[in-house]
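What follows is one structure encoded as structure tokens, with my remarks underneath.
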Amino acid sequence: MDKTAPLPLNLILQELHRYPPTVREEYTRALEEIASTASPKHLEWWANHGLAIAQQTARSWEAAAEFFRTSPVVLPILSWEHFPLWAQGGYDLCQQSPALAVAYFRVGPACVPHLRPSRIPQWVGLGQRFYKGTWKSTALAVRFFEASPALLASLAFPDLERFVAFLERLTTRSYDLATECLALGEEVFPKMGEHREAFVALLSALSESASWREVKACFESAARALPRLEKGQRTRFLRLAEYLARSGYTSLSTFLVEASEALAQVDTSAHATLLSMAEALLAVSPEALPDFLKSAPAVLERITLAQMEMWFAEGVRLLRSHREAGLGYFRRETSRSAQVLEALSSAVELARVKDLMRLYCRALAGSQVEIASSQELVQKGIGWVDKEKPTTEGSTVYLPPVVNRYPSKEQNFAWYKVVATHQVAHLEFGSFAFSYQRPSALFKDLRPRLAPAQPPGEGAWLTDMHRFFALFPEKRLALDIFTVLEDGRLDARVQREYAGIRSAYQRVQQDSLAERPALEDLPAREALVELLVRLTLQRYRLPTPTPYLKEARALARLARLLARPEATVEDTAEATLRAYAIISRIPNQQLPQEQWQEQDLSQDQEEQEQQGDDLLQQVLQSVSPQQRREQQAQEQPYQSPKDVDYRGEFKPELVQLLAKLKQTGEQRQGQTSPAPITRELLEQLLRESADLEAEQGDISQAVGMFANNIMREAGIAQPPPVPAFGQGPLVHIDDEGGPLEATEPNTYLYDEWDFRAGDYKPRWCLVREKPMAEGDTAFWEQTLQTYASLVHQVRKQFELAVPEAFRKIKRLKDGEEFDLDAVLEAMVDKRAGLTPSEKIYWRRNKVERDVAVAFVLDMSASTAEAIEEGKQDAWDAPDDPVEYMLWLRSRRGEPSRRTYKRIIDLEKESLVILIQALQTLGDQYGIYGFSGYGRENVEFYAIKDITEPFSDALKRRIDKISPLHATRMGPAIRHATAKLEAVQAKTKVLFLLSDGRPQDRGYSREGVEKEYAVHDTHKALLEAKQKSIVPFCLTVDKNGHDYLKTMCADIGYEVLADIYSLPQRLPLLYRRLTV
Amino acid sequence: MPGTKRQTLYRELRIEEYVVRDEPFYLPQGDEVQLFETAYYQKIPVLLKGPTGCGKTRFVEYMAYRLSRPLVVVKPAEKDGPPVGEEPAEEDTPSRRSIPLVTVACHEDLTASDLVGRYLIEGEGTRWIDGPLTRAVRSGAICYLDEIVEARKDTTVLIHPLTDHRRILPIEKRGILLEAHDGFLLVISYNPGYQSALKDLKHSTRQRFIAIEFTYPPKELEAKIIEHEAGVSPEVAWRLAKLGEKVRNLKEHGLQEGVSTRLLIYAGKLIARGIPPRRACQVAVVWALTDDAPVQRSIEEVVASIFE
Ligand SMILES: Nc1ncnc2c1ncn2[C@@H]1O[C@H](COP(=O)(O)OP(=O)(O)O)[C@@H](O)[C@H]1O
Ligand SMILES: [Mg+2]
């Protein structure tokens, strides 16, 4: 522009007439504003510069107008010294594209304050880097300037440069993506504070990596992730992500979200340490990092941060020696991982001690006690509401899912044991066996002399507890007293009978004493109930209100009596009557401090019980409904005492009710008597129940639900219809995820072998054992007819096998009897002067037939395949069993009526023939079918349980064997193995009959490695072998040879080329295996 | 010489070998003493039913004593072992009618010949030697076949003619029939606990005996037995009995058999000699009962609750 001489100022306006009027208008307005502060020389330069911009190209007048418009704002910021730098930048940009210049000048006022003047040309240069002459590149460059105010405000210039370099790199992949990222940057950077730099570095790393597509998602993820982290650790976290990106990790945005979510679950003070560990992991195996962070919250739930370092170190060690094992370890999928955690943790989980506790409790209680987590009882919704408290409903002892009260495992376990012992004591020492009529051991019984209140409705009292608690006008108080006294009785009894647990028990009692509220703070009546609590916790030196000293002594006497070994639950009831008579008379008023005095209540001067009639009068009065005491002034409403946590919840009335209901439920099923309890009656009972009254809050609406659930629990209400056989809903649990829990009846957990990790995934598969539905016997009879001659033949062969067992073995040195021939020979020899043979005995072959066998039948969808169809293209078949069924159907055309024979039909026929023959051998045998879908749904059907005798039901069940879903062989084999283990036999055989390779949802590694299933199956077979079971696999898969070699290494197997030979082959193989 | 091994087996057996001098300690659980006594005089064979170690053997010993007689134990199981016992005891006063007790512990290799007798080669010829059953039949002893189902099935051939009105023992090899002495009584024992279908007593055999059922003694009684047999304090005996009761609750839920009185006595004997109670119970009860580690742990917890 300097080529021509500058026009004098007065000519400029005229010159500008060649352009649209806005140019002139902007010029004039700006001139007015700056004229006063600028020298004529400067003004002239300014005007000429604008003109020069306008003159550049056809559309550059817009840029000029924008230049004039913003000049008055920019000028004061830059002053005349630096102003030309800015003006020149626009001029240069305009040469490339007026649009760029327009955008540039427009953001000038917002941008220049953030720029050192010397940086202005560099800034211009950044914009120019985007411009490649195409319209997309122009648009991006324009967007860059538009975004510049925000970017400059939030990024340091070098970071901006890095960001631009990043965007530029993106443009080589996609302009759209670059444009979107620019917008995201504009939005996100200002929020990101000091971590922008690290974030930009992360972006750069990403754009260079194969997973550049992730960048956009990362903006979002990072914005969500950072606030979850401890402030000081955010940059570090981004750096970690950057390294991860550089290492080739592909799901970075997921990582940002998940890892930060995980960190958010732990205390922020742990973040630094966890990130240090993560950094250490980078050097070993970056892949393990995401799983490690994700595992952190669960791990820290069980161990401390310091302990976690040890857990971590073990994982690193594994990673170094065996990568897969290490990866599995940090995913917490391996047994090793669980073991280390378990070893380090001081917490004790119920799941881990459940079996132990079950046997322990069964030994003590002498009944079939079950153990479950308290949560399960709450879920039943039958009146229990606390998920943490130990309790029992009469047949199951419920314990909190985890105990982490003490610093050591031993202490936590001891607590569990004390708590379980206390709950079992309710069963062992008869809390629920309370009888209203039965005399007590230590008291003059008052119960028979108290007029019983009218039972509700016409009928008799439903339970004895119900009848007992109905005596009291203030049920809640009565229940509180009864609970405390009975728990105290049990505590004393346990400590007397179980000297070994006494010290642990006392420690727990001691600890719970520390949590009691101060007696002096309580109003009088509550204080006396609390006093009772303390007395039963074996505290006899207690602050006592002097006005009620006599009462306190009487209570202490009751508590001491119940501590005697001969005390029964009826004694507790008698004591409750007496304690109630005492306490209910005391107004619930706060007592002044000076009325409290420490007393020793351990002994009594007058150990005698009060005169009978006197006492009766007192008690009678207290329980008379009219005699409900008037509330006095300053009297506070009565509050139950704070729970003694190790004693848990005790609901005597509800338990008796439940037991009674179950009894009538069973009777009804036996059709002996109609159930006398209607739902209405039950609801009424519940409403009156002291156990429910004791719960806080309004329970009136809950009563209906409780009643419903209780009736279901007792087996009275009609259960919801059972889903049709084999078509029950398939509940899905993610294949990731951790160990499962077997909460329902007839479910069993098994580990699964991960051959890559070289370790078991603990409690990985849930086997659901179900009875097989029954069809009719036609199939059985038809088969016997069709195969009549084969049946006969097999049977004869089997009969021959029996006497084989009793063959004589002759000419032994030692045996049962002389072998007469041999003796004669020997005699003759001797007489002849020869040395006679010593082998003159015989012995019976000791092998007696003692065989148990489990047939395990693959009931997977593929067995629906018609035999004629061959299996050439079976490898195109979809792996997913549901899809597979569809595929199969589509191959066959419309599923019309089945006329062809399926693999499974032949398997069934073979079984019929074999079973028929087995009857002659007298072997124990079980027949099981399995299928399922996913590791949490391994269906295991008992067609004939091994201990079950042969019956027509078996014939009917065989009929119902049909193809279902997938083939997860491992757990099925493990379960069959468990069945075999439970029976006694010298020879045990596990006979697996299948039609192809094992496959199931998630029964592979990363969804592709089919060997996973093969290896797990192999492992399961080896496990059986270790338990002295002979496993054998018979498969009808013609293509089976390749994987069978692996699956059945060291194990007998046979591939049947001609499936039609199965009926002959199966009995033959069986005979061979069991000789 | 050929067949030497066989020769050592019964050569020096004498019915009078093992004499009970003192009255065996026995606490009756019910009316079994009276029942047995009556059965003896009425010549009715007796089946003692019950788990191992609950006092069946002791009961027979006691009855043999009560019916006032010395006693012999024969252990054919140890075929290669030295002959059992020494010289006959002298205390056997002729004034008392002697009813010996012949006890045979049955095992799966025990055959009819082991009970009846067999020919042995001696010098140029052979010699017949009586088995324990034959001796018992001859001398009018109580013959106690312990764990009868363990024996081979052919033994029942002998039992049948002995246990009906004929009371004879056929000795096939010698071609003779032996009529039982008046004092002879056959007593067998049988543990219904761990029978598989293969090892069950046939009905035709069972129905020749009256059956006296034994269970583990109730806690109080068992405590007294332990106290006496192990020489422990009543307190320790009571705790051991309690342990017995609790462990027996686990039968079928992890244990095939409850703990026997015998084992509890062993534990008591260890404790009496200064072994810490928990340790004593571990070796005498827990480990003796099961190899299943989780079950062991559970029982150990029970032990730990009962003993300090
Ligand atoms: N009723 C009892 N009286 C005395 N001792 C008994 C009684 N029951 C069992 N015992 C003791 O138990 C031990 C084992 O009993 P034993 O007779 O050998 O059992 P079994 O023959 O039933 O296997 C005996 O040695 C004895 O010490
Ligand atoms: Mg015995």
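Reminder, nothing fancy here: chain letters follow the sequence lines and each chain counts from 1.
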query: Given that the side chain runs from C-beta out, which part of A/Glu497 has a heavy atom under 4.5 Å from chain B: side chain, backbone, both or neither?
result: both

- request: Sort A/Ala365 into side chain, backbone, both or neither according to what part of it lies under 4.5 angstrom from a heavy atom of chain B.
  value: backbone

query: To the nearest 0.5 Å, what is the distance between CD1 (B/Ile306) and CZ (A/Arg502)?
result: 12.5 Å

- prompt: Atom CD of B/Glu301 and atom OG1 of A/Thr421: how far apart are they, to the nearest 0.5 Å?
  reply: 9.0 Å

field: Over-ring placement of B/Lys246 relative to A/Tyr360, 6.0 Å and 45° cut-offs
entry: no

- prompt: Has B/Arg297 got its NZ or CZ under 6.0 Å from the middle of the six-membered ring of A/Phe413, at an angle within 45 degrees of the ring axis?
  reply: yes

field: Portion of B/Arg278 that has a non-hydrogen atom of chain A nearer than 4.5 angstrom
entry: side chain

query: Pick from B/Pro277, B/Ser298, B/Ala304, B/Ser305: which one has the most heavy-atom pairs with chain A under 4.5 Å?
result: B/Ser305

field: Passing option when B/Val302 is tested against A/Leu364, A/Leu359, A/Ile501 for side chain to side chain contact (heavy atoms under 4.5 Å, CB included)
entry: A/Leu364

query: Is the NZ atom of A/Lys409 crowded by more than 12 outside heavy atoms at less than 6.0 Å?
result: yes

- prompt: Which heavy atom in A/Arg362 sits nearest to a heavy atom in B/Leu250, and how many Å separate them?
  reply: CB-CD2, 3.9 Å

